[in-house]
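To start, the structure under review is shown below, and the notes come after it.
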Amino acid sequence: MLKQIDPNNLEELRAFLKGRMADADPVILNNTAKIIKNVKENGDAALYAYTEQFDHVVLNTLKASEEEIDEAYAQVDLSLIEDMKEAAQNITFYHEQQKASGYHLEKEDGVYLGQRVLPLAKVGVYVPGGRAAYPSTVLMNVLPAKIAGVKEIVMVTPPNKEGKIAPVIAAAAKIAGVTSIFKVGGAQAVAALAYGTETIPQVDKIVGPGNAYVASAKRLVFGQVDIDMIAGPSEILVIADSKADPRAVAADLISQAEHDPLACSILLTIDTALAEAVQQELKRQSAMLERKEIIEKSLAVYGTLMICKDIEQCIEISNQIAPEHLELMIEDANEHLDQIYNAGSVFLGYVTCESIGDYFGGTNHVLPTNGTARFASALSCDDFVKRSCYLHYSKQALQRDGAKIMNIAEHEGLGGHANAVKVRLDNE
């Protein structure tokens with residue numbers, strides 16, 4: 001099921017992957033721009049109209065009440081509640097280490113300078129609803145913001161046919177500590193967060209996944225607010241040696257293929273027998289799964305296999321691909337970790353499947369895709385803070401440095417900048 005590519009022909013691989021990285025659809029962008037404009041001009045009225053048009057439900061209020069959230073929470077299986085609480089503890093344990101602090105520096109002549117780390121005031125979290133109701137999305141996006149010190153976290157999620165929130169989403173929001181929940185989805189929800197309406201507050205940053213319209217809306221409102229990223233289809237790269245279990249390798253490749261027909265699953269191995277066994281396992285396991293058609297389409301189009309000469313070549317190719325998820329299913333995996341330069345998240349050893357990171361292990365599952373792990377990072381507490389610098393100069397220090405500052409300013413042709421120093425020196 002995996003297409004075999006020569007590991008020495010990386011141009012073939014790049015051409016193969018490029019097909020997944022289509023530019024934003026101009027029709028969707030145009031339609032999204034119209035939705036954003038309508039929400040900016042008409043506020044809640046536009047949100048009610050779009051909810052009726054797209055979600056086929058007439059709402060009396062956009063905000064979910066505490067009673068509604070508690071009612072939804074009570075519908076969720078107690079074992080799932082307990083598991084989500086433990087997952088939240090693991091995520092909190094990991095992300096608490098990311099909390100940044102500022103610094104203060106002092107120099108001679110009364111000069112001091114430094115940096116403050118300040119949490120964003122309000123953050124909006126978009127959470128898909130309907131069949132794509134993912135409580136893990138809530139935990140992964142909300143908890144780092146809470147840990148970073150964000151005081152107000154506003155969640156938007158589309159209502160179901162009864163005008164209610166998906167119970168598992170409500171439960172995850174309650175566990176994570178969301179401030180308020182609004183029953184609105186799509187591009188209109190992103191617009192509401194970016195510009196504010198009579199009911200929904202304007203936020204400083206919008207995070208969370210969504211469909212093409214949600215992604216287009218985030219693209220268009222960036223600059224009005226910050227966003228996390230424009231995420232592409234999911235991807236996994238597995239490096240496996242002869243000791244890897246082909247059943248486990250196949251299962252892990254399938255775990256990403258089931259997301260989307262555009263999802264990408266790549267196997268790099270040094271063992272031809274393992275590769276053949278994985279191919280057979282992919283056929284066997286995918287046939288038993290509910291999302292069989294999506295898996296088979298994804299693997300047929302974007303499933304890739306390379307037989308490499310050694311683990312070092314596998315790692316070299318992986319670094320060039322810069323995958324979202326990288327599994328090192330090899331002996332002494334930890335010894336190779338420092339060789340990995342480009343990967344959203346790395347999973348070490350034969351047992352550590354990517355699913356652990358998706359739900360429970362503690363690391364974040366909001367990761368850079370489409371090769372952007374070359375320069376981008378997993379969602380973290382750093383995404384929910386801003387850094388502000390400060391500086392103090394004494395009279396003595398300005399007398400010492402004033403001529404140097406004016407010299408640079410005048411060479412740039414900015415006499416006003418030089419004059420701001422000069423008037424202070426003249427006063428002395």
Side-chain angles (χ1 to χ4, degrees), residues 23-64 120-130 132-134 137-138 141-142 145 150-161 163-166 169-170 173 178-232 366 379 383-384 386:
D23 293 332
D25 187 322
V27 174
I28 291 178
L29 279 174
N30 184 57
N31 291 337
T32 301
K34 292 177 181 177
I35 292 172
I36 292 172
K37 183 174 184 291
N38 189 13
V39 173
K40 283 178 65 177
E41 294 175 352
N42 298 296
D44 285 353
L47 298 180
Y48 283 115
Y50 285 130
T51 301
E52 183 174 0
Q53 177 183 350
F54 298 131
D55 300 303
H56 311 295
V57 60
V58 177
L59 296 178
N60 295 320
T61 180
L62 295 171
K63 186 175 183 179
L120 303 181
K122 295 180 185 178
V123 166
V125 179
Y126 187 95
V127 179
Y134 301 137
T137 295
V138 180
N141 283 277
V142 173
V150 177
K151 298 298 184 187
E152 186 169 354
I153 300 175
V154 180
M155 193 178 92
V156 291
T157 187
N160 60 23
K161 301 302 184 195
K164 304 289 188 181
I165 309 165
I169 297 301
V178 170
T179 308
S180 53
I181 305 175
F182 296 92
K183 296 177 286 186
V184 58
Q188 61 272 23
V190 174
L193 291 172
Y195 295 98
T197 70
E198 300 92 325
T199 301
I200 299 178
Q202 181 185 32
V203 301
D204 303 311
K205 182 165 187 167
I206 301 172
V207 300
N211 62 19
Y213 279 90
V214 171
S216 294
K218 288 170 69 176
R219 188 188 302 270
L220 291 173
V221 301
F222 176 64
Q224 169 68 20
V225 294
D226 191 16
I227 61 171
D228 49 356
M229 64 182 75
I230 304 295
V366 182
L379 191 75
D383 289 286
F384 301 101
K386 56 189 177 182

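Starting from 1, each residue takes its place in the sequence as its number.
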Has [X] got a side-chain atom pairing as donor or acceptor with [Y]'s backbone, closer than 3.5 angstrom?
| X | Y | answer |
| --- | --- | --- |
| Thr137 | Val127 | no |
| Tyr126 | Gly186 | yes |
| Asp25 | Val27 | yes |

Which heavy-atom pair separates [X] from [Y] by the least distance, and what is that distance?
| X | Y | result |
| --- | --- | --- |
| Ala215 | Ile230 | O-CD1, 3.5 Å |
| Ile35 | Tyr50 | CA-OH, 3.5 Å |
| Leu59 | Pro159 | CD1-CG, 4.4 Å |
| Asp55 | Pro158 | OD1-CB, 4.0 Å |
| Thr32 | Ala187 | CG2-CB, 3.8 Å |
| Asp228 | Lys218 | OD1-NZ, 2.7 Å |

Notebook entry, point to check: Between Ile181, Leu120, Asn141, Thr179, which is the residue that forms a side chain to side chain contact (heavy atoms under 4.5 Å, CB included) with Ile153?
Noted result: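 Option passing the side chain to side chain contact (heavy atoms under 4.5 Å, CB included) with Ile153: Thr179.
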**Asked** Looking at side-chain heavy atoms only, is the closest gap between Phe182 and Leu47 below 4.5 Å?
**Response**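 The answer is no, as the side chains (C-beta and beyond) never meet within the 4.5 Å cut-off.
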What distance separates [X] [atom1] from [Y] [atom2], expressed to the nearest 0.5 Å?
| X | Y | atom1 | atom2 | value |
| --- | --- | --- | --- | --- |
| Gln224 | Lys40 | CD | NZ | 7.0 Å |
| Thr51 | Gln188 | OG1 | CD | 6.0 Å |
| Ile36 | Leu220 | CD1 | CG | 4.5 Å |
| Lys34 | Asn30 | NZ | CG | 4.5 Å |

Quiz item: Would Val366 and Met229 satisfy side chain to side chain contact (heavy atoms under 4.5 Å, CB included), going step by step from the backbone distance to the final call?
Solution: CA-CA 9 Å; Val366 182; Met229 64 182 75; 3.9 Å; yes
Under 3.5 Å, sequence neighbours excluded: what are the donor-acceptor pairs made by side chains of residues 189-212?
unit_1: Thr197; atom_1: OG1; unit_2: Asp44; atom_2: OD1; d: 2.6
unit_1: Thr197; atom_1: OG1; unit_2: Thr199; atom_2: N; d: 3.2
unit_1: Thr197; atom_1: OG1; unit_2: Ile200; atom_2: N; d: 3.0
unit_1: Glu198; atom_1: OE1; unit_2: Asp44; atom_2: N; d: 2.8
unit_1: Thr199; atom_1: OG1; unit_2: Asp44; atom_2: OD2; d: 2.4
unit_1: Gln202; atom_1: NE2; unit_2: Ala194; atom_2: O; d: 3.0
unit_1: Asp204; atom_1: OD2; unit_2: Ala121; atom_2: N; d: 3.2
unit_1: Asp204; atom_1: OD2; unit_2: Lys122; atom_2: N; d: 3.0
unit_1: Lys205; atom_1: NZ; unit_2: Asp226; atom_2: OD2; d: 3.2
unit_1: Lys205; atom_1: NZ; unit_2: Asp383; atom_2: O; d: 2.8
unit_1: Asn211; atom_1: OD1; unit_2: Tyr213; atom_2: N; d: 3.0
unit_1: Asn211; atom_1: OD1; unit_2: Val214; atom_2: N; d: 2.9

